[in-house]
Chemist: 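The following block contains the structure, expressed as structure tokens.
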Amino acid sequence: MATRKASCNCGKLSVTYEGPDPERISLCQCYDCQRRTGSVLSVQARLPIEHLTIEGQSTTWTVPSDSGKPASRCDSMGGTYHFCPECGSTVYWEISNAPDIVGVAVGTFTDPTFPPPMISGFEAYGHPWATNPSDLPMPGGHHDHDGTSQGAPRA
């Protein structure tokens, strides 16, 4: 089992993961992930909470739930993002419909040996000039939504 540590830019908010490689690492191009990261895509690992140690203070923002509507973003079921009140980096988030799982931004691990994504979602929202995830091997598949049953048709 590996020990991996994720942290914000200033190091005051961190998540330590002790466990096997994550079962789900996803690349997302939904508009909310683009705004959250300031980039054209995001990569996140979903990690079992029992393997995590969270240290430091965070400020939170809770996404309103779109429950019952087709998904237009990967957090359509709602969730709470935790970011550092000092430097503003989003490090992790709680997923409303998966209380035993925490999402962690893979970039916060700053670890080039971190496993690659295995699923790609919201590809229709992607920038055409950016890397085309459709060309990358994804063992979990390529999806017009987030790869769950809540997804919407391609935009």
Side-chain angles (χ1 to χ4, degrees), residues 1-127 130-131 133 143 145-152 155:
M1 287 215 241
T3 298
R4 299 177 188 269
K5 186 170 183 175
S7 70
C8 64
N9 274 323
C10 70
K12 292 183 178 179
L13 177 61
S14 66
V15 174
T16 301
Y17 175 68
E18 294 186 62
D21 282 348
E23 289 183 22
R24 179 179 168 132
I25 303 167
S26 58
L27 183 150
C28 185
Q29 296 182 78
C30 81
Y31 293 146
D32 283 353
C33 280
Q34 289 182 36
R35 284 187 288 267
R36 177 182 58 78
T37 64
S39 183
V40 296
L41 54 85
S42 70
V43 180
Q44 54 266 335
R46 292 188 181 182
L47 304 172
I49 200 163
E50 71 264 12
H51 292 282
L52 297 178
T53 302
I54 298 170
E55 297 177 287
Q57 297 291 321
S58 69
T59 299
T60 62
W61 179 70
T62 299
V63 178
S65 173
D66 286 345
S67 187
K69 296 180 183 177
S72 63
R73 59 180 201 240
C74 67
D75 55 12
S76 64
M77 300 303 288
T80 300
Y81 289 91
H82 292 260
F83 55 95
C84 176
E86 184 72 25
C87 68
S89 300
T90 301
V91 177
Y92 70 98
W93 49 95
E94 300 162 50
I95 304 166
S96 296
N97 63 344
D100 297 337
I101 302 293
V102 171
V104 180
V106 170
T108 62
F109 286 101
T110 59
D111 177 1
T113 68
F114 203 91
M118 55 193 65
I119 188 169
S120 174
F122 293 93
E123 292 181 353
Y125 295 80
H127 293 245
T131 299
H143 302 277
H145 48 85
D146 71 347
T148 69
S149 61
Q150 294 87 30

Chemist: Would you compute the distance between atom SG of Cys84 and atom NZ of Lys12 and round it to the nearest 0.5 angstrom?
Modeler: 7.0 Å
Chemist: Using side-chain contact (heavy atoms from CB on, under 4.5 Å), reason through Val15 and Thr108 one step at a time and then give a plain yes or no.
Modeler: CA-CA 9 Å; Val15 174; Thr108 62; over 6 Å; no
Chemist: Can you tell me which residue among Arg46, Glu23, Arg24 is in a side-chain contact (heavy atoms from CB on, under 4.5 Å) with Ile101?
Modeler: Arg46
Chemist: Looking only at heavy atoms, which two atoms of Cys87 and Cys10 are closest? And how far apart?
Modeler: SG-N, 3.6 Å
Chemist: Please list, chain by chain and in numerical order, all residues satisfying ring pair (Phe, Tyr, Trp, His ring centres under 6.0 Å) with Phe114, sequence neighbours excluded.
Modeler: Phe109
Chemist: Just so I know, are the side chains of Phe83 and Val91 near enough to count as touching, which here means a heavy-atom distance under 4.5 Å?
Modeler: no
Chemist: Donor-acceptor pair, distance only, cut-off 3.5 Å: does the side chain of Ser89 make one with the backbone of Asn9?
Modeler: yes
Chemist: Side chains of Thr62 and Thr80: any donor to acceptor distance under 3.5 Å?
Modeler: yes
Chemist: Should Ile95 and Val102 count as side-chain neighbours, where that means a heavy-atom distance under 4.5 Å?
Modeler: no
Chemist: About how many Å separate NE2 of His127 and OG of Ser39, when rounded to the nearest 0.5 Å?
Modeler: 8.5 Å
Chemist: Do you know which two heavy atoms are closest between Thr90 and Ala105, and how far apart they sit?
Modeler: O-CB, 4.1 Å
Chemist: Donor-acceptor pairs are to be reported for all side-chain atoms of residues 52-59 against protein atoms at under 3.5 Å, with residues two or more places apart or in another chain.
Modeler:
| residue | atom | partner | partner atom | Å |
| --- | --- | --- | --- | --- |
| Ser58 | OG | His82 | ND1 | 2.8 |

Chemist: Rounded at 0.5 Å granularity, tell me how far CZ in Phe122 sits from OG in Ser42.
Modeler: 10.5 Å
Chemist: What pair of heavy atoms forms the shortest contact from Met118 to Pro22, and how long is it?
Modeler: CE-O, 3.8 Å
Chemist: Which heavy-atom pair separates Tyr17 from Pro48 by the least distance, and what is that distance?
Modeler: CE1-CD, 4.0 Å
Chemist: Out of curiosity, Ser96 OG to Glu94 CD, how far, rounded to the nearest 0.5 Å?
Modeler: 8.0 Å
Chemist: Is there a donor-acceptor contact under 3.5 Å from the side chain of Gln34 to the main chain of Gln29?
Modeler: yes
Chemist: Identify the heavy atoms of Thr37 and Leu41 that sit nearest to each other, and give their distance.
Modeler: OG1-O, 3.6 Å
Chemist: Is the shortest side-chain N to carboxylate O distance from Arg4 to Asp21 below 4.0 Å?
Modeler: yes
Chemist: What pair of heavy atoms forms the shortest contact from Ala45 to Val106, and how long is it?
Modeler: N-CG2, 3.7 Å
Chemist: Think Arg36 forms a cation-pi with Trp61, using NZ or CZ under 6.0 Å from the six-ring centre and within 45 degrees of its axis?
Modeler: no
Chemist: Out of curiosity, Glu86 CD to Cys8 SG, how far, rounded to the nearest 0.5 Å?
Modeler: 8.5 Å
